[in-house]
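Some notes on the structure that comes next.
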Protein chains: 4
Amino acid sequence: MQLFIRPGDDLPIYRQIMRQIMDAIAGGRLTSGDQLPSHRDLSEQLVIAPLTVKKAYDELEALGYIGTQRGRGTYVAARLPRGATAAQASQLEASARGLVSQAYLAGLQLSDVIQLIKDADREISAAPGLQPRKEGRQR
Amino acid sequence: MQLFIRPGDDLPIYRQIMRQIMDAIAGGRLTSGDQLPSHRDLSEQLVIAPLTVKKAYDELEALGYIGTQRGRGTYVAARLPRGATAAQASQLEASARGLVSQAYLAGLQLSDVIQLIKDADREISAAPGLQPRKEGRQR
Amino acid sequence: MQLFIRPGDDLPIYRQIMRQIMDAIAGGRLTSGDQLPSHRDLSEQLVIAPLTVKKAYDELEALGYIGTQRGRGTYVAARLPRGATAAQASQLEASARGLVSQAYLAGLQLSDVIQLIKDADREISAAPGLQPRKEGRQR
Amino acid sequence: MQLFIRPGDDLPIYRQIMRQIMDAIAGGRLTSGDQLPSHRDLSEQLVIAPLTVKKAYDELEALGYIGTQRGRGTYVAARLPRGATAAQASQLEASARGLVSQAYLAGLQLSDVIQLIKDADREISAAPGLQPRKEGRQR
DNA sequence: GTGGTCTAGACCACC
DNA sequence: GTGGTCTAGACCACG
């Protein structure tokens, strides 16, 4: 299980957790049915309050990425909310625009940005990240 | 002068202003020496508190993008802070990673993301955006 | 025997079971003296823990809907607890209020809600639901 | 401002709050743009922890009923999430089914249930409930 | 043991 | 003042 948080970061801890889990799903390292560690275990491991992890899980559940079953655990949703909504699409455009603008201010060219994207793709697809807890394994 | 803010957005208003001005600089629609509207005028136009605009200007000044000349107004800095700092570089990587991850969750492919980037490039370079207030044109 | 459970549901599994049995009694598909499947059989069929079914039966027994005869099985009670208690009445009002509110938020009218009620009535009275295990038919 | 909670209730406090606010919206006593009391004020008034109210507000926001603006307050959403989704529709059917079943067990007839619905309609539309805090008013 | 709820504080960013 | 985040506990319901 590799999940990293940077306590003083600009991004709230619970969002760092959300993002890493969503990254793992996006990269295929977590797929439908995989069990996530209990929010208590994860909080212990990351040395943060259980509620903080729970908040991340709650939001992910509200977004449809994971589902919880009382007394049993938390799992990656069977049907992931794919399919670009209009809102998603416009947000992606805004993000792309932000990235490009940011890059130009730093003196990069369009080709440099595209290289950045390719690097990110490789990183997301390959990163070891988050070890799901499959059936009886783990302690 | 076209500047748009969304009050309920995730991004604080003052950051929305900062970003749009930085975008305009990145896109060449604002260049060294161009005058920005006074924070009072801008606040009136956007129907927000003057302090909020002032905060955006202050931060931009602290970052070196603009400079104020007491009694004369606010101008885009003569020497813009180009040149990728280490911090900037790592932040760009993080942004790229976020964009790609977000896109994959929405079901897009790497090629789709690259297209998004190209679209953003065109939009940033061409958009009319922020109309600088050149020389004497007052109000 | 048709009994359906949704593991990740808001309602605990044991309550889903209780509700479906109470529905069957309300709809006349189960009546006084009908035998219910053993909690072990039912748990096997639903692929859940036997304790969960037992809890549902225990609660139903505490409420007076069913009775167990040691060594013989579980049966629908001879004298069902009809007669609206004050508590039941106020709960019914609360449920009705919840339903109406929920419907209005979804854009429905009063008449639509009444239609929903009529549909539900038809469904409850007619549905095949829970097949009681009459007399000697064993497994 | 009238909002009532029953601490020991079956329904969690934060859901009681959610429901009453949704009821108020459904009944037209709260409409788009109305400001809700701050979660701190409301928590004080109800004598519960601020986080509990906040959780109710958070969930309502996730559902699209209200929106928050940092530093300004919380408001009823401009565009309420009307329009029966498939999920909403099936949930309404389930609720209706539950109500009817519950009523029959209590010995009521179909006509009695319809009367219950009509009573609930009157109550929701007329109840004084939740006083929105319009512009400068309040304290 | 798992998730669900709640408390009573705290500090920060924003407007 | 507002909302946003976080802590370090606690108790309960569920399976």
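Order of the sequence lines fixes the chain letters, A, B, ..., with proteins taken first and strands second; residue numbering starts at 1 for each chain. Just so it is clear, the values below take in all heavy atoms, side chains as well, and ignore hydrogens, waters and symmetry mates. Values in this document were obtained by computation on a predicted structure and should not be read as measured data.
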Arg15(B) CZ to dC14(E) P, straight-line distance once rounded to whole Å: 6 Å
Using purine N1 to pyrimidine N3 plus N6-O4 or O6-N4 for Watson-Crick, or N1-O2 and O6-N3 for G-U wobble, both under 3.5 Å, which nucleotide pairs with dC14(F)? dG1(E)
Side-chain contact check for Ile13(A): nearest option of dG4(E), dC6(F), dT5(E) is dC6(F)
State whether Thr68(D) places a side-chain N or O below 4.0 Å from either non-bridging phosphate oxygen (OP1 or OP2) of dG4(F). yes
N or O in side chain of Thr52(C) less than 4.0 angstrom from dC14(F) OP1/OP2: no
Go nucleotide by nucleotide along DNA chain E from the 5' end; which of Lys54(A) and Pro50(D) gets its closest nucleotide reached first? Lys54(A)
Could you say whether Pro7(B) or Leu11(D) is positioned toward the 5' end of DNA chain E, judged by the nucleotide with the nearest heavy atom to each? Leu11(D)
Check the surroundings of atom CD in Glu61(B): do more than 12 heavy atoms from other residues, nucleotides or ligands lie under 6.0 Å from it? yes
Between dG3(E) (P) and Gln69(A) (CD): distance, integer Å: 11 Å
Nearest-Å distance, CG (Asp10(B)) to C1' (dC15(E))? 16 Å
Taking all non-hydrogen atoms of both residues into account, name the closest pair between Ala77(C) and Gly64(C) and its distance. CB-O, 3.3 Å
OP1, OP2 of dG1(E) versus side-chain N and O of Ser38(A): anything below 4.0 Å? no
Comparing Ala49(A) and Arg40(A) on DNA chain F - which has the more 5′ nearest nucleotide: Ala49(A)
Step through the shown structure and confirm whether more than 12 heavy atoms of other residues, nucleotides or ligands are within 6.0 Å of CG on Leu11(B). yes
Looking only at heavy atoms, the pair that brings His39(A) and Tyr57(A) closest together is N-CE2, 4.1 Å
Short side-chain N/O contact to dG15(F) OP1/OP2 from Tyr14(C), under 4.0 Å: no
Could you tell me whether the phosphate oxygens of dT2(F), OP1 or OP2, come under 4.0 Å of any side-chain nitrogen or oxygen in Thr74(D)? no
Calculate the interatomic distance between Glu59(C) atom CD and dA13(F) atom C1'; express it in whole Å. 11 Å
Mind calculating the distance between CZ (Arg70(A)) and C1' (dC14(F)) to the nearest angstrom? 7 Å
Distance, rounded to the nearest Å, where Gln16(A) contributes CD and dT5(F) contributes C1': 12 Å
Gln35(D) atom CD is separated from dG3(F) atom P, nearest whole Å, by 8 Å
note: Leu46(D), atom CG; dC6(E), atom P; distance rounded to Å ~ 12 Å
Between dG3(F) and His39(D), is there an OP1 or OP2 to side-chain N/O distance shorter than 4.0 Å? yes
Taking 4.0 Å as the cut-off, does a side-chain nitrogen or oxygen of Lys55(A) come that near to OP1 or OP2 on dC6(F)? no
When you look at CG of Asp9(A), are more than 12 heavy atoms from neighbouring residues, nucleotides or ligands closer to it than 6.0 Å? yes
